[in-house]
Amino acid sequence: NAGVTQTPKFQVLKTGQSMTLQCAQDMNHEYMSWYRQDPGMGLRLIHYSVGAGITDQGEVPNGYNVSRSTTEDFPLRLLSAAPSQTSVYFCASSLLGRQGSTDTQYFGPGTRLTVL
Amino acid sequence: GQQLNQSPQSMFIQEGEDVSMNCTSSSIFNTWLWYKQDPGEGPVLLIALYKAGELTSNGRLTAQFGITRKDSFLNISASIPSDVGIYFCAGQLRGTYKYIFGTGTRLKVLA
C-alpha cells in the first residue's frame, strides 16, 4: 500500500495562475480532507469529503475548489492563486466510524506551494 | 471560528524528564487526536480518544479526553532525544466531520 500520496511535492506559481494539487489514497477510505499549514500555526481544514460525490467546506474554503469523483482521488484546485495561499498543503484520509466520527486520519507528505 | 488553545507553545526539557501539554476550547468535541510532526513531514497520529473521560496510553505517552469534552492533555514520560518535534492536538467538532487543530507545542529535549 502506498497510503496517501500527494503531487507535486513543491510548486511555485505566479499570482493569478491556476493549478490542481493531487491527492490519492489506496486504503478505500471514505473520508478525505485538505488542510493548509502556515508557519507557526496548526493545520486548518479547507475542504473535506465523506464519499464520492460528496464534499463540504472546512474552516478556510475561499479560493479553493474540490471534487470527489472516485473514492481514491480528492484533488484541490486553486482557480486564481494569490500570495496569501503560499503554504504547505496536506491531504488526509480515514475510514468513517460510527456515530458520526472518523477513524484515524492518515496524512500525506505535503505539497509546498509558493505564490509570487 | 472555533479555536483550540494549545499550551505551552514551546518547551525545553532535559532528557529523562516528564512532559505535559494540553488543549482547551469553548467547543465540544466527539474525538480528540494527538499528532507529532517532524520537519518536512506530515503529522503522524500518536493517540486517539473517543469517549469523555477516556485515558489512553501508547508506550511512554498518555492522553486523556476531558470530562467536559472541551479539553485534552498529553503526557510524555521519561523523554528521550527522539521526542523532539511539534505536537498537535486535534478535535472533531461534535455533530460534524470537521477537525480543528491546535497551534502546536514545540518540544526540544536536551541530552
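None of these values were measured; they are calculated from a predicted model. Within every chain, numbering begins at 1; the chains are lettered A, B, ... in the order of the sequence lines, protein sequences first and strands thereafter.
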- Item | Path from B:M11 to B:V84 over hydrophobic side-chain contacts below 4.5 Å | no
- Query: So which part of B:Q37 gets closer than 4.5 Å to some heavy atom of chain A, the side chain, the backbone, both or neither?
  - Reply: side chain
- Message: Hydrophobic clustering (ILVMFWY, side-chain heavy atoms < 4.5 Å, transitive) - are B:V19 and B:I47 grouped together?
- Response: yes
- Who else is in B:L55's hydrophobic cluster (ILVMFWY, side-chain heavy atoms under 4.5 Å, direct or via others)? B:F73
- Item | Pairwise distance OG1(B:T31) to CD(A:Q105) - rounded to 0.5 angstrom | 10.0 Å
Let me check something: any side-chain donor-acceptor pairs from residues 106-116 of chain A under 3.5 Å, sequence neighbours excluded? List them with distances.
| residue | atom | partner | partner atom | Å |
| --- | --- | --- | --- | --- |
| A:T111 | OG1 | A:P8 | O | 2.6 |
| A:R112 | NH2 | B:G40 | O | 3.1 |

- Per-residue contacts, residues 76-86 of chain A versus chain B, heavy atoms under 4.5 Å: none
- Message: Looking at every heavy atom in both B:G42 and A:F90, which two are closest together, and how far apart are they?
- Response: CA-CE2, 3.3 Å
- Would you please name every residue forming a side-chain hydrogen bond (donor to acceptor under 3.5 Å, both in side chains) with B:E54, sequence neighbours left out? B:T56
- Under 4.5 Å to a heavy atom of chain B? For A:Q6 that would be neither
- Query: If only atom types and distance count, is the side chain of A:Y31 paired as donor or acceptor with the main-chain N or O of B:Y97 below 3.5 Å?
  - Reply: yes
- Query: Should we say atom CD of B:Q9 is surrounded by more than 12 heavy atoms from elsewhere, each under 6.0 Å from it?
  - Reply: no
- Given the rule that I, L, V, M, F, W and Y join up when any side-chain heavy atoms are under 4.5 Å apart, are B:Y35 and A:M32 in one cluster? no
- Task: Say whether B:L45 and B:F88 are linked into one hydrophobic cluster, either directly or through other cluster members, by side-chain heavy-atom distances under 4.5 angstrom.
- Result: yes
- Taking the side chain as C-beta and beyond, is there a heavy-atom pair between A:S33 and B:Y99 under 4.5 Å? no
- Over 12 foreign heavy atoms within 6.0 Å of CZ, B:R106: no
- Might you point out which heavy atoms bring B:K98 and A:Y48 nearest each other, and give the distance in Å? CG-CE2, 3.7 Å
